[in-house]
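All remarks here apply to the structure that follows.
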Amino acid sequence: MRLSDIIKEVDIVSTAGPSVKEVEITSVCSDSRKVVPGSLFIAVRGCSADGHAFIAQAVRSGASAVIFEDGAPDMPEGISFIRSSSSRKALGRVASAFYGHPSRHLALVGITGTNGKTTTVTLLHHLFTAMGNKCGLLSTIANYVGDREYEAVNTTSDPLTINSLMREMVDEGCRYCFMEVSSIGMEQDRVEGLEFKVGIFSNLTHDHLDYHKTFDEYLRCKKLFFDSLGRNAIAITNIDDKNGMVMMQNTKAKVVSYSLGKASTHRGKILEQSFEGMLLNIDGTECWCRLIGKHNAYNIMAIYCAATALGADKFEVLTALSNLESAKGRLETINLPGGICVVIDYAHTPDALENVLRTLKGIAPERPLVCVFGCGGDRDRTKRPEMAAIARKYSDKIVLTSDNSRSEKTADIIADIRKGLDREGVMKTVEIEDRAQAIRTAIMLAGHDATVLLAGKGHETYQILGDGKHHFDEREIVNEFKQ
């Protein structure tokens, strides 16, 4: 592919070397270890490494062209050097062009917000598939091209991975793609060059402050998504969240709102709920769904709004919604002898934990509730005591344990969590660093007809302790009690 065609939308400051109209490119990469003869290497400044330091290595490996942002690299003859105002933005635009702008050939739906992203995109994927469409999915749990699954590494992948997968989706005949858009992904320009048909805002609560440092900066990065939507796009927002309309302030897209109480474009209401599901009224029509909890009512509303915005029939959507089940690790239940119900949920933020605990206690206030949770290491420490206070408010017993401790000591993380407990909270708390043993203990402590929440791991089948990633699936431990 000709270099001049790949860089048409790149903001170019200057060029050196052979004319970009004469250079043929066989691959694009931002990792110098993947450079082969004919590659275009894009030097991107990352969190842990600066690609500019590897330009010479890329040249030695046979790169035909290099895009860089600053500095004055050695420029051997025969290689095109392009200086851009932003290497990150250049990477997104180049990736899109190299793969033939696949997002233009899909109805691309993105969702951002603190909670509900994975559930919403996963259920949208299931919904549109059930309605006879071939779809793609880019999520925290997994990436799908039709029925083919690929492992997901980040909530929002790098631009080359995203565009490569979308190219496959287009070639496989997919009409729709549903993807999570994280605040970090926005700040790092991972969706640069993509053209979204629909953007959804779910909610904004405390998370990722280890990266963004302040809540205002976290909000700004989320808002970038809606600021970037085009005039032909549709922006869907939850106006029950105090930042719901803030997100829409500068968008060029058509705004559609949803609420569980306020006047809005689309309005829903929970009529009744149990562990089996809930009955909703959506725009005047009753709909039974298998999900539970107010937070899932919001997810259902977002799904409904997106589906109808894409032209799906209202009644076909409501019928299909009634058959959907939640994403793996999102209020996933396992029933054990003695009437014990174990609930596995990915809740790892204060708001998510409160949503789940409040839902479980609200549905069955008479059942004892045991909460097992920890907090991730090398991540936002300020939320740890907040989560403890929430667990103390709703739980009859608390078991503090490990999550993905990474380089931190689990005991130190638990000590941070404990700071959020008052004397009564401490009295009903047990601390067990080994998560497997913590789960077994919680189930044995629960007693008959009790609910045990395992919060934080959700769909994950591993634990990161120290520098190692180890197999760890909570379902396997819970299922020991079925024998």
Side-chain angles (χ1 to χ4, degrees), residues 1-103 151-167 182-194 211-212 221 224 228 378 467:
M1 192 171 184
R2 192 168 295 172
L3 179 59
S4 57
D5 294 328
I6 299 175
I7 63 171
K8 279 182 179 179
E9 297 180 11
V10 173
D11 185 8
I12 298 173
V13 176
S14 62
T15 62
S19 168
V20 295
K21 294 181 179 180
E22 300 172 356
V23 178
E24 289 292 322
I25 297 299
T26 57
S27 70
V28 177
C29 47
S30 58
D31 184 340
S32 61
R33 294 168 296 184
K34 297 180 180 179
V35 171
V36 296
S39 292
L40 165 60
F41 174 67
I42 303 179
V44 177
R45 186 178 295 104
C47 296
S48 57
D50 186 350
H52 291 78
F54 300 96
I55 291 176
Q57 180 180 325
V59 169
R60 288 194 297 271
S61 297
S64 294
V66 173
I67 293 178
F68 66 103
E69 185 175 325
D70 55 20
D74 291 334
M75 298 182 185
E77 291 185 7
I79 300 171
S80 292
F81 282 83
I82 300 135
R83 184 170 184 173
S84 171
S85 60
S86 170
S87 291
R88 283 181 174 176
K89 291 185 184 298
L91 177 60
R93 294 172 185 176
V94 164
S96 180
F98 183 77
Y99 286 102
H101 299 285
S103 66
E151 182 183 5
V153 178
N154 298 312
T155 298
T156 306
S157 299
D158 66 273
L160 290 168
T161 300
I162 291 172
N163 282 278
S164 173
L165 287 169
M166 286 188 182
R167 181 72 259 163
S182 68
S183 57
I184 296 173
M186 284 304 304
E187 196 275 335
Q188 295 182 355
D189 295 314
R190 295 182 199 170
V191 299
E192 184 72 27
L194 300 183
Y211 180 89
H212 295 294
C221 291
L224 286 173
S228 67
D378 303 330
D467 295 328

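Here, residue 1 is the first one in the sequence, and each next residue gets the next number. Please read these numbers as outputs of a predicted model, since none were measured by experiment. Heavy-atom basis, side chains included; hydrogens, waters and symmetry copies ignored.
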Could you work out, with side chain to side chain donor-acceptor pair (under 3.5 Å) as the rule, every residue matching [X], not counting sequence neighbours?
X: T161; answer: D158
X: S4; answer: none
X: S96; answer: H101
X: R167; answer: D171

(message) I need the F41 CZ to F68 CZ distance, nearest 0.5 Å.
(response)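 One gets 12.0 Å once the value is rounded to the nearest 0.5 Å.
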
(message) Just verifying a value: how many Å separate K89 NZ and D189 CG, rounded to the nearest 0.5 Å?
(response)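 Answer rounded to 0.5 Å: 4.0 Å.
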
(message) Just to verify, what does L224 make a side-chain contact (heavy atoms from CB on, under 4.5 Å) with, not counting sequence neighbours?
(response)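 L224: side-chain contact (heavy atoms from CB on, under 4.5 Å) contacts with M186, R220.
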
(request) Determine which pairs satisfy side-chain hydrogen bond (donor to acceptor under 3.5 Å, both in side chains) with at least one residue from residues 26-41, sequence neighbours left out, and list them in order. (result)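 Qualifying pairs: S27-S39, D31-R33, S32-Q57.
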
(message) Show every side-chain hydrogen bond (donor to acceptor under 3.5 Å, both in side chains) that has at least one partner inside residues 76-85, sequence neighbours left out.
(response)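 Residue pairs with at least one partner in residues 76-85: D11-S85.
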
(request) If a pair satisfies salt bridge (Lys or Arg N to Asp or Glu O under 4.0 Å) and one of its residues is in residues 52-69, list it, with sequence neighbours excluded. (result)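 Qualifying pairs: R45-E69.
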
(message) Enumerate the salt bridge (Lys or Arg N to Asp or Glu O under 4.0 Å) contacts for residues 14-30, please, sequence neighbours excluded, ordered by first and then second residue.
(response)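 Counting only pairs at least two positions apart or across chains, the salt bridge (Lys or Arg N to Asp or Glu O under 4.0 Å) contacts touching residues 14-30 are R2-E24.
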
(message) Tell me whether R88 is salt-bridged to E192, with the criterion being a basic N under 4.0 Å from an acidic carboxylate O.
(response)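 No salt bridge links R88 with E192.
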
